[in-house]
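Shown next, in structure tokens, is the structure this report addresses.
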Amino acid sequence: MNPEAAPNDEPATYPAAASPHAHPPLPYRPDWVPTSGHQLSRTGVQFDAVRIAGLRAEEVADELAAETGDAAGPIIREAVGQRWMYFLCPPSSAAGYRWPPGIMRLGGTSTSVGYVGVPALHGDTWPLAWYSRPSERAPFVDPELLYTTLCRLVGWRPLKEPC
């Protein structure tokens with residue numbers, strides 16, 4: 001016998017093949033976003049919300065999307081009634097601003113506690129939908145950017161210092 005190893009005696013190496021049971025990585029989903037349908041979440045705990053109605057809300061959301069390269073953070077829209085949009089900011093962050101008239105801040109203080117319907121990232125969530133989903137890059141809407149954008153669009157002169 002030949003003492004040298006034959007080429008067929010070497011272990012075979014094959015390119016790694018994807019398992020037929022492998023799934024693509026799941027999208028970013030904060031724990032306050034349900035896996036299906038929608039749920040009510042109390043503001044001031046996982047997030048603060050700034051509520052804006054109708055066409056003004058869409059204008060603000062469009063501006064934020066343009067200013068952030070489509071990474072505005074979580075914005076929820078209602079398909080019925082006043083067609084509210086909820087801009088979800090980090091907890092305890094929305095109270096630091098004097099919002100223009102007609103804009104409602106929902107946070108953790110006793111005078112502004114509220115509930116927001118939060119839709120799942122996918123599936124049937126009517127009458128709620130995401131205008132902009134939370135992402136790793138933008139887990140929340142930047143409250144300062146929201147405030148300055150809104151003030152510019154409505155002609156509201158912001159305070160020099162936050163409240």
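All of these numbers come straight from a predicted model, not from anything done at the bench.
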Which atom names give the shortest non-hydrogen contact between [X] and [Y], and what distance separates them?
X	Y	value
Thr125	Ala120	CG2-N, 3.6 Å
Val50	Ala94	CG2-CB, 4.1 Å
Ala138	Ala72	CB-C, 4.3 Å
Arg137	Thr68	NH2-O, 3.0 Å
Leu88	Ala49	CD2-CB, 3.8 Å

Problem - Verdict with reasoning, Ile103 to Tyr97, per side-chain contact (heavy atoms from CB on, under 4.5 Å) - result: CA-CA 11 Å; Ile103 308 305; Tyr97 300 91; over 6 Å; no

Exercise for the section: State which residues pass salt bridge (charged side-chain N to carboxylate O under 4.0 Å, His left out) with Glu59; sequence neighbours excluded, sorted by chain then number. Expected result: Arg56

For [Y], is there any backbone N or O sitting under 3.5 Å from a side-chain donor or acceptor partner on [X]?
X	Y	value
Ser93	Cys89	no
Ser132	Gly73	yes
Thr43	Gly114	yes
Trp99	Arg51	no

Handout entry: side-chain contact (heavy atoms from CB on, under 4.5 Å), paired with Phe87, selected from Ile76, Thr149, Leu64, Leu150
Key = Leu64

Hey, does [Y] have a side-chain heavy atom less than 4.5 Å from the side chain of [X]?
X	Y	answer
Gln46	Asp31	yes
Arg98	Arg105	no
Pro119	Trp126	no

Exercise for the section: Evaluate the side-chain contact (heavy atoms from CB on, under 4.5 Å) criterion for residues Glu67 and Leu145: first the C-alpha distance (whole Å), next the side-chain angles of each, then the deciding distance (0.1 Å), finally the verdict. Expected result: CA-CA 9 Å; Glu67 291 180 30; Leu145 180 60; 2.9 Å; yes

Exercise for the section: With sequence neighbours excluded, give me every ring pair (Phe, Tyr, Trp, His ring centres under 6.0 Å) pair touching residues 29-52. Expected result: Trp32-Phe47

Practice task
Assess whether atom CG of Leu40 is packed by more than 12 heavy atoms of other residues, nucleotides or ligands within 6.0 Å.
Solution key: yes

Exercise for the section: Verify the neighbour count for atom CD of Glu144: are there more than 12 heavy atoms of other residues, nucleotides or ligands below 6.0 Å? Expected result: no

Practice task
Hey, could you give me each pair passing side chain to side chain donor-acceptor pair (under 3.5 Å) that has a residue in residues 72-86? Not counting sequence neighbours.
Solution key: Glu78-Tyr86

Rounded at 0.5 Å granularity, tell me how far [atom1] in [X] sits from [atom2] in [Y].
X	Y	atom1	atom2	value
Ile52	Met85	CD1	CE	8.5 Å
Asp70	Arg133	CG	CZ	12.5 Å
Glu58	Glu63	CD	CD	13.0 Å

Practice task
Determine, step by step, whether Arg42 and Val116 satisfy the side-chain contact (heavy atoms from CB on, under 4.5 Å) criterion, reporting the C-alpha distance in whole Å, the side-chain angles of both residues, the deciding distance to 0.1 Å, and the verdict.
Solution key: CA-CA 7 Å; Arg42 184 172 185 251; Val116 172; over 6 Å; no

Practice task
Quick one: list whatever passes side chain to side chain contact (heavy atoms under 4.5 Å, CB included) with Ala66, sequence neighbours left out.
Solution key: none

Exercise for the section: State which residues pass side chain to side chain contact (heavy atoms under 4.5 Å, CB included) with Pro91; sequence neighbours excluded, sorted by chain then number. Expected result: Phe140

Problem - Derivation of the side-chain contact (heavy atoms from CB on, under 4.5 Å) call for Asp48 and Leu106 - result: CA-CA 6 Å; Asp48 283 359; Leu106 300 167; over 6 Å; no

Exercise for the section: Could you pull out all residues at least two apart from Asp62 that satisfy side chain to side chain donor-acceptor pair (under 3.5 Å)? Expected result: Tyr131

Practice task
Give the cluster check for Tyr115 versus Val118: same hydrophobic cluster or not, with ILVMFWY residues linked at side-chain heavy-atom distances below 4.5 Å.
Solution key: no

